[in-house]
Amino acid sequence: MEQRTALFPGSFDPFTRGHQALVARALKLFDRVVVGIGDNPAKRGMLPAGKRQALIEDLYRGDPRVEAQVYTGLTGDFATAIGAVAIIRGVRNTTDFEYERTMEAANLRLYPHLTTVMLFTPPDVADISSSTVREVHAFGRSVREFLPEGVELENYLP
Ligand code: PNS
């Protein structure tokens, strides 16, 4: 049977427990999930794109259904190029919802062959965001409890 691929796009600076929960949910619906790290060269983040990718690759090393790739340009173009049928996005709250609603509509206009699938972030990780991780880290506190079990941020810092 044909493999169904979903693209899970984002900045992933860094990939968190929330993202991990969404990948697990996406794997219940799709055969393969490509975590797409949208690289915006105009925006310098905490981790360089290659390190964000390495973190995700290390985490899913034993699972051939998940891969991480860095892309530039429009998400819909990348999704099309990798043969994805869907774009996965996580929603934690109404603020996320408003943003996602607009992005879904724009992507549907430009890429009618792609279906955006919105997944709720499980409640136990709904408070987690990459920006919180970056802030907590900037003030010198450990961010271990925001990151997937076993991931050490220090291993990926530039
Ligand atoms: O989860 P994030 O960090 O907000 O990710 C945002 C991302 C990278 C998915 C989004 O900014 C994006 O898709 N950027 C590429 C430009 C694009 O395709 N925009 C949406 C259609 S207009």
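Computed over heavy atoms, backbone and side chain alike; hydrogens, waters and symmetry mates excluded.
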Residues clustering with Tyr111 (ILVMFWY side chains joined when closer than 4.5 Å, directly or via others):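 For the cluster that includes Tyr111, the remaining residues are Leu74, Ile87, Leu110, Leu114.
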Shared-cluster residues of Tyr99, by chain and number - hydrophobic side chains joined below 4.5 Å: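 Tyr99 clusters with Met103.
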Where do [X] and [Y] come nearest, in terms of heavy atoms and distance?
X: Arg92; Y: Ile128; result: NH1-O, 2.9 Å
X: Asp96; Y: Asn93; result: N-OD1, 2.9 Å
X: Ile37; Y: Gln53; result: CD1-CA, 3.4 Å
X: Pro148; Y: Leu59; result: CG-CD2, 3.6 Å

Main-chain N/O of Asp13 paired to Arg134 side chain as donor or acceptor, under 3.5 Å: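 Confirmed, Arg134 side chain pairs with Asp13 backbone.
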Side-chain (Arg52) to main-chain (Phe15) donor-acceptor, under 3.5 angstrom: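 No.
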Heavy-atom neighbours of Glu57 CD exceed 12 at 6.0 Å: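 Yes - once you tally the heavy atoms of other residues, nucleotides and ligands closer than 6.0 Å, there are more than 12.
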Working for side chain to side chain contact (heavy atoms under 4.5 Å, CB included), residues Leu153 and Leu47: CA-CA 9 Å; Leu153 186 67; Leu47 303 181; 4.2 Å; yes
So if you build clusters from Ile, Leu, Val, Met, Phe, Trp, Tyr with side-chain heavy-atom gaps below 4.5 Å, do [X] and [Y] land together?
X: Val34; Y: Met118; result: no
X: Leu27; Y: Leu7; result: no
X: Val23; Y: Val85; result: yes

Does the side chain of [X] reach to within under 4.5 Å of the side chain of [Y], using non-hydrogen atoms?
X: Thr116; Y: Leu108; answer: no
X: Leu55; Y: Phe12; answer: no
X: Pro158; Y: Lys51; answer: no
X: Ile88; Y: Val33; answer: no

Non-neighbouring partners of Arg4 that pass side-chain hydrogen bond (donor to acceptor under 3.5 Å, both in side chains), sequence neighbours left out: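 Expected list: none.
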Selection residues 147-158 - residue pairs positive for salt bridge (charged side-chain N to carboxylate O under 4.0 Å, His left out), sequence neighbours left out: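 For residues 147-158: Arg144-Glu152.
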Pairs meeting criterion salt bridge (charged side-chain N to carboxylate O under 4.0 Å, His left out) with involvement of residues 66-90, two or more places apart: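 Those involving residues 66-90 are Arg32-Glu67, Arg89-Glu100.
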Pairs where residues 67-87 contributes a residue and the test ring-ring contact (aromatic ring centres under 6.0 Å, His included) is met, not counting sequence neighbours: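 Counting only pairs at least two positions apart or across chains, the ring-ring contact (aromatic ring centres under 6.0 Å, His included) contacts touching residues 67-87 are Tyr71-Phe78.
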Residue pairs, two or more places apart or on separate chains, that pass ring-ring contact (aromatic ring centres under 6.0 Å, His included) and touch residues 115-158: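 Counting only pairs at least two positions apart or across chains, no ring-ring contact (aromatic ring centres under 6.0 Å, His included) contact touches residues 115-158.
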Any residue meeting salt bridge (charged side-chain N to carboxylate O under 4.0 Å, His left out) with [X], in chain and number order, not counting sequence neighbours:
X: Asp127; value: none
X: Arg61; value: Asp58
X: Asp39; value: none

Electrostatic pair Arg101:Glu98 at N-O distance under 4.0 angstrom: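 No, no charged N to carboxylate O under 4.0 Å.
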Result of checking Leu147, Ile56, Val151 against Pro14 for side chain to side chain contact (heavy atoms under 4.5 Å, CB included):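 Result: among Leu147, Ile56, Val151, Leu147 is the only option passing the side chain to side chain contact (heavy atoms under 4.5 Å, CB included) with Pro14.
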Partner set under side chain to side chain contact (heavy atoms under 4.5 Å, CB included) for Leu22, not counting sequence neighbours: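 Applying side chain to side chain contact (heavy atoms under 4.5 Å, CB included) to Leu22 gives Phe8, Leu119, Thr121.
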side-chain hydrogen bond (donor to acceptor under 3.5 Å, both in side chains) pairs, two or more places apart, involving residues 18-30: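 Output for this query lists Thr16-His19.
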